[in-house]
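Only one structure is covered here, and it is reproduced in the block below.
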Amino acid sequence: MRRPLAVFLCTVAIAIAAQPAAQAAAPIAMRWGPMGHRIVGRIAATRLTPEAAREVSRLLDGGTLASVANWADSFRVTHPETGPWHYVDIPTWESSYNPERDCKDGKCVIAALTSQIAILGDKRRPRDERAQALRFVVHFVGDMHQPLHAGERGDKGGNDVKLTFNGNPGNLHSVWDSGLLNATGESEDALVASITARLAQRGDIRWIERGSIVDWAMESHDVARDVVYRFVPPSLVLGPEYLREVRPVLEDQLLRGGVRLAAVLNRTLDD
């Protein structure tokens, strides 16, 4: 189930000391950006069982998890009714998920992910439906691990928190979607290698796979409360020091997203 956040934050605190200084940021973009979603997909792909990997390849016509990781954001442009499926606004002052409050009419990432996993696992459904469900699952697991897609303070998941980051105007949500990854100055390949190496060093990581979708959402909610908002200064002017403080958390969320996406797909696609 949920790992005590105090233990998680202690691990993060140790990692912070080892982080290099941040480089100048590229312009802030919107979304748990394309790079973030691809990283989650690439980490997951390395952990698929042979059978799950074959089924993924079959459903995607030879495509990869990374290649479809951002499909749901494009789909949302022409199907705006799917917009609420990408997040769940659990107030940071609340300590539990309440579907009636946080997911009215089933319009949130928790309900959407649950529904799409069921479609993906139903082999009686048409292949095209299952392929679309797979695309949604890949994206929604990634979204759930962007903390501001699960916890907020009445500010639309940080979208209403206007600030500057490395001199660029934006908002807190966009910083966590793409700004932080851009600011590392590292390539996608380098970030994947770094995160994968950290994963290898951990040994037994089965505890990451445990828990329910709600548990994973609440974990991200707690990170939003205790890390994302906590380190924002009153001036709302963020720079390299903010990246140094939160980078271990950012990378850990990507790691968890990848590990859990693989676990979901292995459970769903293995006979």
Side-chain angles (χ1 to χ4, degrees), residues 29-83 85-86 109 111-146 149 177-178 181-182 186-200 205-206 208-209 213 216 251 253-271:
M30 294 301 291
R31 292 177 253 160
W32 180 243
M35 185 192 296
H37 278 290
R38 287 195 302 267
I39 289 172
V40 169
R42 290 177 64 175
I43 293 170
T46 67
R47 301 183 60 80
L48 295 179
T49 64
E51 185 164 356
R54 284 193 297 270
E55 185 67 355
V56 165
S57 181
R58 187 185 74 83
L59 290 173
L60 299 181
D61 292 323
T64 66
L65 298 180
S67 71
V68 302
N70 291 283
W71 172 87
D73 275 331
S74 299
F75 186 79
R76 179 174 56 180
V77 174
T78 54
H79 296 77
E81 70 277 6
T82 66
W85 297 5
H86 293 248
V109 70
L113 179 56
T114 301
S115 175
Q116 295 302 319
I117 290 173
I119 294 171
L120 175 61
D122 186 353
K123 294 186 178 180
R124 297 167 299 179
R125 287 182 175 265
R127 178 178 175 278
D128 288 349
E129 287 186 15
R130 295 183 65 220
Q132 177 171 281
L134 174 57
R135 289 176 169 85
F136 276 128
V137 169
V138 174
H139 190 87
F140 292 159
V141 172
D143 272 344
M144 182 174 290
H145 287 82
Q146 204 278 51
H149 280 243
D177 272 350
S178 291
L181 283 174
N182 290 340
E186 297 183 19
S187 69
E188 181 179 316
D189 287 346
L191 287 166
V192 169
S194 174
I195 295 170
T196 301
R198 178 184 298 183
L199 181 61
I205 51 81
R206 284 176 293 180
I208 296 179
E209 300 175 355
I213 291 172
W216 299 345
E251 294 188 0
Q253 289 299 106
L254 293 168
L255 183 154
R256 293 177 188 225
V259 169
R260 288 166 177 168
L261 174 58
V264 166
L265 296 179
N266 289 338
R267 288 195 295 262
T268 305
L269 299 177
D270 277 359
D271 282 337

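Residues satisfying the salt bridge (Lys or Arg N to Asp or Glu O under 4.0 Å) test with R54, not counting sequence neighbours, are none. Contacts of D122 classified as salt bridge (Lys or Arg N to Asp or Glu O under 4.0 Å), with partners at least two apart in sequence or in another chain: R124, R125. Remark: E188 engages R38, R42 in a side-chain hydrogen bond (donor to acceptor under 3.5 Å, both in side chains) (not counting sequence neighbours). Residues that satisfy the side-chain hydrogen bond (donor to acceptor under 3.5 Å, both in side chains) test with Q132, not counting sequence neighbours, are absent from this structure. Judged as a side-chain hydrogen bond (donor to acceptor under 3.5 Å, both in side chains), and not counting sequence neighbours, R267 has no contacts.
Between the side chain of D73 and the backbone N or O of H139 there is no donor-acceptor pair closer than 3.5 Å. A donor-acceptor contact shorter than 3.5 Å links the side chain of R260 to the backbone of I208. Of the possible polar contacts, one joining the T268 side chain to the V264 backbone as a donor-acceptor pair under 3.5 Å is found. Checked by atom type and distance alone, the side chain of R76 never pairs as donor or acceptor with a backbone atom of W85 at under 3.5 Å. No donor-acceptor pair under 3.5 Å is formed between the side chain of H86 and the backbone N or O of H149.
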Run the numbers on L255 and I205 for side chain to side chain contact (heavy atoms under 4.5 Å, CB included), then give the verdict.
-> CA-CA 11 Å; L255 183 154; I205 51 81; 5.8 Å; no
Audit row: R130, L269, side chain to side chain contact (heavy atoms under 4.5 Å, CB included) steps and yes/no | CA-CA 11 Å; R130 295 183 65 220; L269 299 177; 3.7 Å; yes
Begin from the C-alpha positions of L265 and L134 and carry the test side chain to side chain contact (heavy atoms under 4.5 Å, CB included) through to its verdict.
-> CA-CA 9 Å; L265 296 179; L134 174 57; 3.6 Å; yes
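Heavy-atom minimum distance, A262 versus A44: CB-O, 3.5 Å.
Using a 4.5 Å cut-off on side-chain heavy atoms (C-beta onward), H145 and L254 make no contact. Counting heavy atoms from C-beta on, the side chains of L48 and V56 come closer than 4.5 Å. Within the 4.5 Å cutoff, the side chain of T46 has no heavy atoms near those of the L199 side chain.
Note: L65 CG to S57 OG = 10.0 Å, rounded to the nearest 0.5 Å. Atom CD1 of I39 sits about 13.5 Å away from atom CD of Q253, to the nearest 0.5 Å. A distance of 5.0 Å separates CD1 in I195 from CD in E251, rounded to the nearest 0.5 Å. The CD atom of E51 sits 10.0 Å away from the CG atom of N266 when rounded to the nearest 0.5 Å. The structure places OG1 of T82 at 6.5 Å from CZ of F140, a figure rounded to the nearest 0.5 Å. R256 CZ to M144 CE: the interatomic distance, rounded to the nearest 0.5 Å, is 14.0 Å.
Judged as a salt bridge (Lys or Arg N to Asp or Glu O under 4.0 Å), not a single pair has a partner in residues 133-142 (not counting sequence neighbours).
The aromatic rings of F136 and F75 sit perpendicular, their planes meeting at an angle over 60°, well past the 30° parallel limit.
The residues E55 and K123 are annotated as not salt-bridged, no charged nitrogen and carboxylate oxygen being separated by less than 4.0 angstrom.
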